[in-house]
> 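One structure, pasted below without further comment.
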Amino acid sequence: MVQKILMICLGNICRSPIAEVVMVDTLEKANKKNVVVDSAAIGSWHVGNRADPRAISTLAQHDLKCTHIVRQIEKQDFAEFDFIFGMDEDNMSELRRLAPKGSKAELLMLGDFGLEAKNRIIEDPYYERGAAGFETAYQQCVVACAAFMKERLA
Ligand code: 4NP
């Protein structure tokens with residue numbers, strides 16, 4: 001059985017591409033097969049673009065590549081994916097609003113896995129100067145993806 005995970009954030013250029021790449025890396029390192037991972041945006045502003053250069057360089061510093069092209073979430077995603085993750089409470093309320101009735105996908109906040117309550121929001125680093133917020137998001141994703149895999153994909 002293939003399980004499908006979709007990482008969501010507002011623009012799909014900062015947090016969710018990082019979460020996608022980190023989840024793939026986490027699964028590969030654990031030799032966990034049959035899991036498909038993708039990411040998408042709530043908004044349409046950056047559709048067709050690559051991730052923010054700071055997301056790409058943060059991942060590169062950890063020897064990870066990001067080739068994702070931004071896409072916007074579609075109604076069909078709620079039927080196709082088993083798990084759809086938001087990064088913050090705004091993402092979660094948008095996901096709940098967009099989800100068709102009876103959709104298959106479980107809507108989860110990524111930081112609810114493995115992170116302390118005070119650290120569970122993966123904050124948007126887009127408007128910050130520099131890349132420090134991207135490294136923070138990366139580190140949160142590393143902990144949360146490993147915890148999710150252990151708790152729900154074992
Ligand atoms: P992300 O960050 O949701 O982590 O990709 C953002 C990127 C772009 C915008 C907002 C958030 N924007 O408004 O363009």
Side-chain angles (χ1 to χ4, degrees), residues 3-28 35-100 103 105-149 152-153:
Q3 288 182 296
K4 296 186 74 173
I5 295 172
L6 183 63
M7 299 297 189
I8 293 293
C9 64
L10 191 54
N12 192 211
I13 57 171
C14 303
R15 294 164 293 173
S16 60
I18 292 176
E20 175 191 339
V21 169
V22 169
M23 184 62 90
V24 168
D25 184 52
T26 304
L27 295 165
E28 277 178 9
V35 185
V36 170
V37 189
D38 192 10
S39 67
I42 302 273
S44 62
W45 311 285
H46 301 281
V47 168
N49 295 346
R50 302 274 316 268
D52 187 289
R54 296 168 292 176
I56 293 172
S57 65
T58 298
L59 288 166
Q61 279 162 20
H62 296 282
D63 291 323
L64 295 171
K65 255 207 185 109
C66 177
T67 56
H68 182 72
I69 304 291
V70 175
R71 74 169 180 95
Q72 191 173 21
I73 192 168
E74 297 168 5
K75 285 257 178 292
Q76 202 180 314
D77 290 320
F78 292 92
E80 270 186 26
F81 285 84
D82 299 284
F83 303 103
I84 301 183
F85 284 102
M87 303 294 134
D88 59 28
E89 301 282 12
D90 285 350
N91 294 166
M92 295 315 298
S93 49
E94 272 303 294
L95 287 173
R96 284 191 283 267
R97 191 181 65 79
L98 292 168
S103 44
E106 200 175 332
L107 307 182
L108 299 166
M109 200 166 78
L110 185 58
D112 281 333
F113 294 85
L115 294 171
E116 283 178 50
K118 65 173 170 37
N119 201 24
R120 63 195 269 279
I121 305 296
I122 302 181
E123 304 278 1
D124 184 355
Y126 181 60
Y127 293 104
E128 290 175 20
R129 280 222 185 127
F134 288 77
E135 177 63 22
T136 303
Y138 168 82
Q139 295 295 345
Q140 288 174 292
C141 287
V142 167
V143 174
C145 288
F148 171 75
M149 182 181 71
R152 299 297 302 273
L153 300 177

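It should be emphasised that the depicted structure is a prediction, and the values quoted were computed from it without experimental measurement. All ligand and atom numbering here is 1-based and tracks the order in the structure.
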> Is it the side chain (CB and beyond), the backbone, both or neither of His46 that lies under 4.0 Å from ligand 1, heavy atoms counted?
side chain

> Kindly indicate, with the supporting measurements, whether the criterion side-chain contact (heavy atoms from CB on, under 4.5 Å) is fulfilled by Trp45 and Ile13.
CA-CA 10 Å; Trp45 311 285; Ile13 57 171; over 6 Å; no

> Working to the nearest 0.5 angstrom, can you tell me the gap between Asp63 CG and Asp25 CG?
9.5 Å

> Working to the nearest 0.5 Å, report the span between OH of Tyr138 and CD1 of Ile18.
9.5 Å

> Would His62 and Glu135 count as having a side-chain donor-acceptor pair, cut-off 3.5 Å?
yes

> Have a look at ligand 1 and work out which part of Asp52, if any, has a heavy atom under 4.0 Å from it: side chain, backbone, both or neither.
neither

> Would you mind telling me if ligand 1 is within reach of the side chain of Ile13, the backbone, both or neither, using heavy atoms under 4.0 Å?
both

> Nearest protein heavy-atom contact for atom 2 (O) of ligand 1: which residue, which atom, what distance?
Asp124 OD1, 3.0 Å

> State whether the shortest distance between N or O atoms of Trp45 and N or O atoms of ligand 1 falls below 3.5 angstrom.
no

> Could you check His68 against Asn12 for side-chain hydrogen bond (donor to acceptor under 3.5 Å, both in side chains), going step by step and ending with a plain yes or no?
CA-CA 9 Å; His68 182 72; Asn12 192 211; 2.7 Å; yes

> First locate atom CZ of Arg15, then atom OG1 of Thr136, and finally report the distance between them rounded to the nearest 0.5 Å.
12.5 Å

> With heavy-atom distances below 4.0 Å as the criterion, list the atoms of ligand 1 near Tyr127.
12 (N), 13 (O)

> Given Ser39, Gly43, Cys9, which one has a non-hydrogen atom that is nearest to atom 1 (P) of ligand 1?
Cys9

> Consider every N or O of Pro125 and every N or O of ligand 1, then say whether any pair is closer than 3.5 Å.
no

> Quick test: of every protein heavy atom, which one is nearest to atom 4 (O) of ligand 1, and how far off is it to 0.1 Å?
Arg15 NE, 2.8 Å

> How far does CZ of Phe78 sit from CG of Leu107, to the nearest 0.5 angstrom?
6.0 Å

> Of all the atoms in ligand 1, which lie at a distance below 4.0 Å from a heavy atom belonging to Cys14?
1 (P), 2 (O), 4 (O), 5 (O)

